[in-house]
Amino acid sequence: MICENCKQNIATTHYKQIINGKAGSYYLCGECAENMGISSIAEGLGFGMGDFFAKMFDTSAPPIAKIQKQCGKCKYTLDHIKDQGRMGCDECYSCFEYELKPYIKKMHGSVKHTGKIPKTASEEIRKSRKISELQEKLDHCVSQQDFETAAKLRDEIKELQSDE
Amino acid sequence: MNNIAVSTRVRFARNLKRYPFVGCMNLSQREELISLVKTALEKAAPGVFEYYPMNELSDIKAAMLVEEKLISHELDKDSGFVAISHDRTSSIMLGEEDHLRICNILPGLALGETLSSADKIDDILDQRLDYAFDENLGFLTNCPTNLGTGMRASVILHLPALEKAEFIPVITGSIGKLGLTVRGSYGEGTKVSGALYSISNQVTLGISEIESVSKLDTVVNQIMEREESARERMRKNDRYEDEIFRNYGIMRYARVMPLDEFMELSSWLRLGAPIMGISERDIDRLTVMASPAHLCGDTILSPEEINKKRADVVREFLGKGKI
């Protein structure tokens, strides 16, 4: 098995961690394990549990952050993003979606784009945008008790959905 | 109220799918990006743009472009590139924070027109380049603060009366709640001088370009109305005209003029423009001419020499009946 961190060397260490009840398991090479301060596990010698937990629960401690996933396109980790406040590439957003979403929501108050769509965007995106626009209109009509228009909009939505 | 809004600017942040973001790009990718954009622009709008690789520009020439607000300080001096339209209303920066920064600037308050001009250039490039885009997050940008529309629309307002009435913190506080922000006239992190404030949208996700611009337009108009009534009160003061002409006198005859002093004096000149029959566009032109890099031109001048030259330029400009 290849090391999950450097993706080059053979993994010699199987490292498990549980944080807030969530288990994580990583296969690392000796060098990466040492760089992350967990070489003692690999060697099975002189491992100090106190040090290990101190690092694990220190939010600024590198070991936990360093074994976070890497973006497949630019190789950025969450550490890079935290340090620079910038992404490495467009795919960082999907790779770190779970971690970034709360910050984006806090920053903009929304995680749903409602503006311009590029011409190169897929038909699927265009259709989905059309459906949400119609849904919004439908909700408005229902709140205004304009059921006739609402029914028409509902049919339109159904038609678009059936094309998918 | 026309002389309150100085200029309107709209910029779009765009990135291409095929490359990592600017910080992770290698030299050949940067060169490829420049060539792609240049080809796209030349095919769609031949002869409209002039192209400047930043490493071929002297520091003074680059600073002159910053003073004209055609590029930002952040544009990389080694690998950055800029396309500037001949009429100097559009610029496309490559290798700033994002692959592309499409900027349009027009005098006065012209949000609809500026948005539409920037939008046209965006469409031209969109047809030929594959933008990084996500259905939920919109245009994917280097910094998450620009996600969504990737659009920053800003209006520079001249607010001497509200500044004097210490009303600016009130505006800053209240428009912050609307997803708008107040900055110095050269954008983020720049200090305010000459009572020139940039009002812009902060939020870019969950709001469309049109909604964002119309919200900004409403707020800008409200601020302008308040500035106008504060000016009305100022005009009732017996010393109002006297102060305007005293400051004009200093501009007209001074032999040495540091930039801060120029900004303060030109603020009085803007305020007195209607009384003196001066055009605001002439004052805009003078402000650019009196900026440090424009004063240097092709020669490197010491700060003292710059301050003397500024006074000369201002004297000549006002004395020749140009304004």
Side-chain angles (χ1 to χ4, degrees), chain A residues 70-133 135-137 140 160 164, chain B residues 12-26 29 74 97-99 115 118-119 122-151 153 177-179 201-213:
Chain A
Q70 252 186 345
C71 170
K73 183 171 170 180
C74 67
K75 310 291 175 217
Y76 260 34
T77 64
L78 211 53
D79 264 3
H80 286 112
I81 295 170
K82 276 184 193 164
D83 286 349
Q84 299 173 16
R86 302 282 186 275
M87 305 297 136
C89 70
D90 55 340
E91 284 178 18
C92 285
Y93 284 107
S94 47
C95 179
F96 303 111
E97 186 189 1
Y98 176 79
E99 293 86 349
L100 293 171
K101 219 171 179 175
Y103 294 102
I104 295 171
K105 172 104 178 146
K106 204 173 167 189
M107 204 178 274
H108 293 281
S110 165
V111 281
K112 184 72 196 161
H113 176 58
T114 55
K116 191 174 177 176
I117 295 176
K119 294 195 168 38
T120 45
S122 66
E123 196 52 40
E124 204 181 313
I125 293 179
R126 294 182 179 282
K127 201 182 283 177
S128 148
R129 167 65 67 86
K130 181 81 188 156
I131 292 171
S132 39
E133 278 170 9
Q135 187 63 49
E136 219 168 280
K137 278 186 194 165
H140 178 74
L160 279 167
E164 281 174 1
Chain B
F12 288 123
R14 299 286 186 255
N15 290 281
L16 274 60
K17 253 186 221 167
R18 66 166 79 187
Y19 305 121
F21 289 156
V22 170
C24 293
M25 281 172 99
N26 61 36
Q29 288 171 325
E74 286 77 32
E97 191 179 289
D98 293 284
H99 291 158
L115 173 64
D119 208 34
D122 186 39
D123 285 347
I124 286 175
L125 295 170
D126 178 21
Q127 277 166 357
R128 291 159 177 88
L129 310 169
D130 201 4
Y131 284 157
F133 181 82
D134 175 84
E135 187 183 353
N136 293 315
L137 297 178
F139 290 94
L140 300 174
T141 51
N142 199 342
C143 182
T145 50
N146 292 313
L147 282 172
T149 59
M151 184 196 76
K177 291 169 197 149
L178 300 168
N201 67 305
Q202 180 95 320
V203 172
T204 51
L205 186 59
I207 184 164
S208 74
E209 294 81 359
I210 301 282
E211 285 168 335
S212 192
V213 156

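In what follows, every chain begins at residue 1, and chains take the letters A, B, ... in the order their sequences are listed.
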Test salt bridge (charged side-chain N to carboxylate O under 4.0 Å, His left out) applied to A/K116 and B/D119, step by step: CA-CA 10 Å; A/K116 191 174 177 176; B/D119 208 34; 2.6 Å; yes

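- Here B/D134 contributes atom CG and A/I125 contributes atom CD1; the two are 7.0 Å apart, rounded to the nearest 0.5 Å.
- Heavy-atom contacts from other residues, nucleotides or ligands closer than 6.0 Å to NZ of A/K112 number more than 12.
- With chain B as partner, the option from A/C92, A/S94, A/G88 having the largest number of non-hydrogen pairs under 4.5 angstrom is A/G88.
- Counting only heavy atoms from C-beta outward, the side chains of A/M107 and B/L147 never approach each other to under 4.5 Å.
- The side chain to side chain donor-acceptor pair (under 3.5 Å) pairs that include a residue from residues 141-151 of chain B are B/R11-B/N146, B/N146-B/R152, where partners are two or more places apart or lie in different chains.
- Interface summary for chain B: among A/G85, A/P118, A/S110, A/G115, the most heavy-atom pairs under 4.5 angstrom belong to A/P118.
- When side chains are defined from C-beta on, A/M87 does not count as touching B/L140, because their heavy atoms never get closer than 4.5 Å.
- Neither the backbone nor the side chain of A/Y103 comes within contact range of chain B; no heavy atom of the residue lies under 4.5 Å from a heavy atom of that chain.
- Counted within 6.0 Å of CD on A/E136, heavy atoms from surrounding residues, nucleotides or ligands total 12 or fewer; the atom is thus considered open.
- Looking only at heavy-atom pairs under 4.5 Å with chain A, the residue among B/G23, B/P20, B/P144 that has the most is B/P144.
- Proximity to chain A (any heavy atom under 4.5 Å) is shown, for B/E135, by both the backbone and the side chain.
- Heavy atoms of A/L100 lying under 4.5 Å from chain B are absent altogether.
- Interface remark: A/K73 contributes side-chain atoms only to the contact with chain B (heavy atom separation under 4.5 Å).
- For B/I210, no part lies near chain A; criterion is any non-hydrogen pair under 4.5 Å.
- For the pair B/D123 and A/K119, the salt-bridge criterion is met [side-chain N within less than 4.0 Å of a carboxylate O].
- Contact count versus chain A (heavy atoms, under 4.5 Å) is highest, among B/E97, B/M151, B/Q127, for B/E97.
- No side-chain heavy atom of A/H113 sits less than 4.5 Å from a side-chain heavy atom of B/N136.
- Considering every non-hydrogen atom in both A/Y76 and B/C24, the closest pair reads CE1-SG, 3.3 Å.
- Looking at heavy atoms from C-beta onward, B/L205 lies in side-chain contact with A/I104 at the 4.5 angstrom threshold.
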